[in-house]
Protein chains: 2
Amino acid sequence: MTEPADDPGERISEAEHAVMEALWEQSPLTATEVSDKVAEERGWSLATVKTLLSRLVAKKAVSTEPDGRRFLYSPTIERTDYVGSESRRLVDRLFGGRAAPLLVHLVEAEALSDEDIDEIERLIRELKQ
Amino acid sequence: MTEPADDPGERISEAEHAVMEALWEQSPLTATEVSDKVAEERGWSLATVKTLLSRLVAKKAVSTEPDGRRFLYSPTIERTDYVGSESRRLVDRLFGGRAAPLLVHLVEAEALSDEDIDEIERLIRELKQ
DNA sequence: ATGCAACGACTACACTCGTAAACTGAATTG
DNA sequence: CAATTCAGTTTACGAGTGTAGTCGTTGCAT
């Protein structure tokens with residue numbers, strides 16, 4: 001988790017999120033490079049990616065740095081923070097803010113693999129020293 | 001988890017979800033009753049609640065049963081299923097489909113209370129008999 | 001220089017969402 | 001029976017989203 005984050009900023013949409021993932025994986029990138037990373041699997045045109053980048057810049061979730069005629073884009077928010085707020089939103093909305101019920105749900109939905117369970121067990125043991 | 005669910009249906013928006021929660025808590029209910037349960041805390045007018053109910057009916061997430069001049073509304077999808085698909089969406093989108101990383105995140109974000117941790121421990125123990 | 005390719009900026013457009021007001025038909029009340 | 005009230009239906013409207021196309025500029029290749 002990181003500090004103030006300073007700019008809660010508007011929410012990032014799902015399409016925009018795909019762009020963020022590309023930038024979290026590697027940055028800075030040019031619009032074309034981002035497009036190369038995401039356009040194919042989402043079936044987007046370069047124009048679409050550019051629009052998404054502009055919107056992210058407008059939302060201050062991405063910053064630009066001039067590089068000659070073009071821009072290099074970098075995320076201004078950290079993935080950890082994003083993931084954190086999104087997770088919290090879900091837990092708040094669906095589980096009354098308590099995380100355990102989410103686990104209960106995942107368990108009951110058999111959405112946990114054996115490795116998941118082992119890993120969680122490890123984590124819990126760690127938490128209790 | 002319940003069977004086929006038959007109608008994946010369009011997605012339920014956040015405002016619509018608040019209406020669903022009211023109906024999951026108790027149903028069937030009239031539009032006015034639903035409104036009584038949710039309008040206040042969300043600052044909605046009765047008209048807004050009616051709109052949301054219509055949209056939910058259109059999305060087949062809620063069914064109606066005539067009761068004299070008015071309708072009684074009931075959810076057609078179960079909360080468990082909704083919670084399941086929303087949780088899965090999040091886990092897929094943010095954690096590559098694995099649930100353990102979500103836990104790791106919650107732990108690292110200190111988003112788990114002591115009770116949460118105890119409960120999870122219990123759960124895990126249960127899972128391993 | 002000159003034209004083309006590459007970039008960002010601006011414009012577009014249908015659809016969803018949040019949030020309601022207006023309309024319409026039926027029931028209740030006086 | 002007329003007036004009011006109530007319930008669902010229709011219409012509204014701005015903001016956000018998904019998904020681009022077009023415009024204007026500028027650097028590069030010939």
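Order of the sequence lines sets the chain letters (A, B, ...), proteins ahead of strands, with each chain counted from 1. Values below: every heavy atom of this structure, side chains too, minus hydrogens, waters and symmetry copies. Just so you know, these numbers come straight off a predicted model, no measurement behind them.
No donor-acceptor distance shorter than 3.5 angstrom exists from the side chain of Arg79(B) to the backbone of Glu25(B), with no hydrogens or angles considered. A donor-acceptor pair under 3.5 Å is formed between the side chain of Asp116(B) and the backbone N or O of Ser113(B). Using modelled atom types, one side-chain atom of Thr76(A) and one backbone atom of Lys60(A) make a donor-acceptor pair closer than 3.5 Å.
Regarding Asp36(A), its CG atom lies at a distance of 12 Å from the P atom of dA6(C), rounded to whole Å. One can place CG of Asp67(B) at 14 Å from C1' of dA27(C), the figure rounded to the nearest angstrom.
Remark: of the listed residues Glu16(A), Glu86(A), His17(A), Glu86(A) is the sole one forming a side-chain hydrogen bond (donor to acceptor under 3.5 Å, both in side chains) with Arg11(A).
Taking CG of Leu103(B) as the reference point, atom CZ of Arg122(A) lies at 12.0 Å (rounded to 0.5 Å). Rounded to the nearest 0.5 angstrom, Lys50(B) NZ and Leu52(B) CG are separated by 12.5 Å. Here the straight-line distance linking atom OG1 of Thr30(B) with atom CG of Asp67(B) works out to 8.5 Å at 0.5 Å rounding.
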When every nucleotide of nucleotides 7-19 of chain C is labelled 5' to 3' by its protein contacts under 4.0 Å (heavy atoms), B for base, S for sugar-phosphate only, - for none, what sequence of letters results? BB---B----BBB

Please tabulate, one pair per line, each protein N/O and nucleotide N/O from nucleotides 2-4 of chain D that are separated by under 3.5 Å, including the distance.
none

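Using a cutoff of 4.0 Å between basic side-chain nitrogens and carboxylate oxygens, Lys37(B) and Glu33(B) are not scored as salt-bridged.
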